[in-house]
Amino acid sequence: MNKGIYRRRKAMNALGLALSGLSMAMGLAALTWILWTLFYNGLGAFSLDFFLKSTPAPGTEGGGLANAIVGSLMMVGFTTLISTPIGILAGIYLAEFGSRSRFGSITRFVTDIMLSAPSIVIGLFVYAVAVATVKHFSGWAGSLALCLIAVPVVVRTTENMLNLVPGSLREAAFALGAPRWKVSLAITLRAVRGGVITGVLLAVARIIGETAPLLFTALNNQFFNADMAKPMANLPVVIYNFAMSPYENWQQLAWGGAALIALIVLAINVAARVLFREKVQA
Amino acid sequence: MSRHAEVSTEALLQSRANDSTKSSMTHDELSARVRRFATQDRLFLGVTFFFAALVLAALLGILLSLVMEAWPAFREYGLGFVSGTRWSPADDVYGAVIAIYGTLVTSAIALLIAVPISFGIAIFLTETCPLRLRRPLGTAIELLAGIPSIIYGFWGLFVLAPLFQEHVQPLFIATGLPLFAGPPLGIGVFTAGLVLALMVIPFIASVMRDVFETVPPVLKESAYGIGCTTWEVVRNIVIPYTRVGVIGGIMLGLGRALGETMAVTFVIGNANRLATSLFAPGNSIASTLANEFAEADPALHIPSLFALGLLLFVITFVVLGLAKWLIARGTARAGI
């Protein structure tokens, strides 16, 4: 037989695998490059003022992102409080009651779509129902938009986690005469607590950097404001506005804000993974 | 599971009630308790059902409100809105072609770059990566997916665009092709596509990895057994077996790319022009919304923006629905 065939096949194999290794290297390089430039330029902006002072007026020096940080924390906090129970209960329905029903599969399909749906469209919807009707932007509107993004994440993780619970655990509880609601809340949900908390954490990580749905719901606020009924400063929108501005000081603050968000998101992602891994091993 | 549940409570308590020696409660007390449990369960079912229905209602609400808000624009332009080539808030004339074109071109560029790279990553993670590195490397790719899009856009504007302007674009422009005509601005349709590619790579790669893992080892081992190289196993076993799921993953990436706002808005240049050059600034549906909505004039501008949003929602809904269906079909085969 011709040795050339073997050589060609081997060369082809080497080339293909090398290219695949190269893609992996490119992916990793992109991750490190993005994070490195972000932290290199952004961490320098961290200072006491950065966390304690509000956003500066155009063209002035100094200032910080205190109002944006507080605004983001408040909106994300309320969103988490509202969307966690909604998401968990809907997840319980899908896993325990609606696993075979038509309604269940339609809801599951819709939730999956909402997971990847363009977030700016959600902003449009909330503008129509919660901003245009009251004629002013508000932190509540921003929170509502974030809820619409967070709930599907919590629903899907809760459902997936509950599906991992062995049926025998449920049956054992039923055999003791426990009612369904008790089995769901005190047995199955409890068994996958870690996974559900992971889902909530991932939802928080997802919404903390969401910008598009806040652009015309919470808008922005140059001043410190802790009133959810008024337009509210928030990190992503401030980063966007400041990055597009011509002022050096604003751009520097934007770098700091971007680094802060990246740091939080990475920390949450790592925490969620650690938490979930421990839960699975236990 | 649910079928067991229906019999359990009542049947069990009933049998215990009949067996009076073991139970300290009277029959009446027990049946009262059973009734209470039944009411509680109905209530619980109702509450969980309500919240599940809320998710469905949200989607219908989004569709309905978009249609209602966009109505004035469609009444004014009819279907001509979709084929109108001018978008000029100054003259109060609105047509969607520029934004649709920008959305499609940036997404196409993103997929052209992202699909081969994601494919390579998925192959590396499932076929050649040393076992010990699989988990950390997979996690790294997932972290890339977790980074918010505003960070990508921000990074694209401040790091990628200047680099591109100085070192890459002049080379392409020197070729003299009309596709690359114009001054090297750094920002523009091509840069937006590039940033989008970076964003969707982790999504496509992790779906591809998941479907590649569904290939039964015995199929691959048989191929290795008759002397196939790793590459030949990938080409002749893995890809044919997972084709449907792979296409699903690509569609998922496409859905993401079409609707992505911030990563694009930072670097596309936000010009309402129909540009033939890839280096010219343009606008996508999402970036038009992000830029103009907060300052739009209620008369016709806002309805037109809502109409754009509706278009985007419908397009992404179809693409994502198709993606989900294909991925489900692709992974269902794992059960054979």
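The chains referred to below are lettered A, B, ... by the order of the sequence lines, with proteins before strands, and numbering in each begins at 1. What you see below is based on every heavy atom in this structure, not just the backbone, and it leaves out hydrogens, waters and symmetry mates.
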Handout entry: Residue, of A:Ile261, A:Ile120, A:Leu202, that accumulates the most heavy atom pairs under 4.5 Å with chain B
Key = A:Ile120
Problem - Which atoms of B:Arg135 approach chain A - backbone, side chain, both or neither, heavy atom under 4.5 Å - result: side chain
Completion exercise
Whatever's closer than 4.5 Å to a heavy atom in chain A on B:Leu160 counts as side chain
Practice task
Against chain B, work out which of A:Asn269, A:Ile88, A:Leu215, A:Thr37 has the most heavy-atom pairs shorter than 4.5 Å and name it.
Solution key: A:Thr37
Handout entry: Per-residue contact mode, B:Ser149 against chain A (heavy atom under 4.5 angstrom)
Key = neither
Handout entry: Salt bridge A:Arg180-A:Glu96, side-chain N to carboxylate O under 4.0 Å
Key = no
Exercise for the section: Go through the atoms of B:Phe266 and report whether side chain, backbone, both or neither lie under 4.5 Å from a heavy atom of chain A. Expected result: both
Handout entry: Residue part contacting chain A, namely of B:Leu144, when any heavy atom lies under 4.5 Å
Key = both
Handout entry: Residue, of A:Leu94, A:Val121, A:Ile208, that accumulates the most heavy atom pairs under 4.5 Å with chain B
Key = A:Val121
Practice task
Mind listing the closest non-hydrogen atom pair of A:Leu31 and B:Ala140 along with its distance?
Solution key: CD2-O, 3.6 Å
Handout entry: A:Phe125 portion near chain B, given a 4.5 angstrom heavy-atom threshold
Key = both
Problem - Atom of B:Ser107, atom of B:Leu258 and distance for their closest heavy-atom approach - result: OG-CD2, 3.4 Å
Handout entry: Side chain / backbone / both / neither for B:Ser118 at chain A, heavy atoms under 4.5 Å
Key = neither
Practice task
Flag the pair A:Arg9 / B:Trp231 as yes when at least one side-chain heavy-atom distance between them is below 4.5 Å, and no otherwise.
Solution key: no
Practice task
Return the minimal non-hydrogen interatomic distance between A:Ala128 and B:Ser65, and the atom names on each side.
Solution key: CB-OG, 4.3 Å
Exercise for the section: Check each atom of B:Leu64 against the heavy atoms of chain A and say whether the ones under 4.5 Å are side chain, backbone, both or neither. Expected result: neither
Practice task
For the pair B:Thr103 (side chain) and B:Ile285 (backbone), establish whether a donor and an acceptor sit closer than 3.5 Å, ignoring hydrogens and angles.
Solution key: yes
Exercise for the section: Sort B:Leu125 into side chain, backbone, both or neither according to what part of it lies under 4.5 angstrom from a heavy atom of chain A. Expected result: side chain
Handout entry: B:Thr229 versus chain A, the contacting section by heavy-atom distance below 4.5 Å
Key = both
Practice task
Answer with side chain, backbone, both or neither: which region of B:Ile123 has an atom nearer than 4.5 Å to a non-hydrogen atom of chain A?
Solution key: both
Problem - Heavy-atom pair count under 4.5 Å with chain B, highest-scoring of A:Leu124, A:Asp112, A:Ile86, A:Asn41 - result: A:Leu124
Handout entry: Which atoms of B:Ile117 approach chain A - backbone, side chain, both or neither, heavy atom under 4.5 Å
Key = both
Practice task
Provide the closest heavy-atom pair for B:Pro116 versus A:Ser23 in the form atom of the first, atom of the second, distance.
Solution key: O-OG, 4.5 Å
Problem - Ring centres under 6.0 angstrom apart (B:Phe154, A:Trp255) - result: yes
Exercise for the section: Heavy atoms only, distances under 4.5 angstrom: which of A:Met114, A:Lys10, A:Glu210, A:Met24 has the most pairs with chain B? Name it, please. Expected result: A:Met24
Exercise for the section: Identify the heavy atoms of B:Ala286 and B:Glu260 that sit nearest to each other, and give their distance. Expected result: CB-O, 3.5 Å
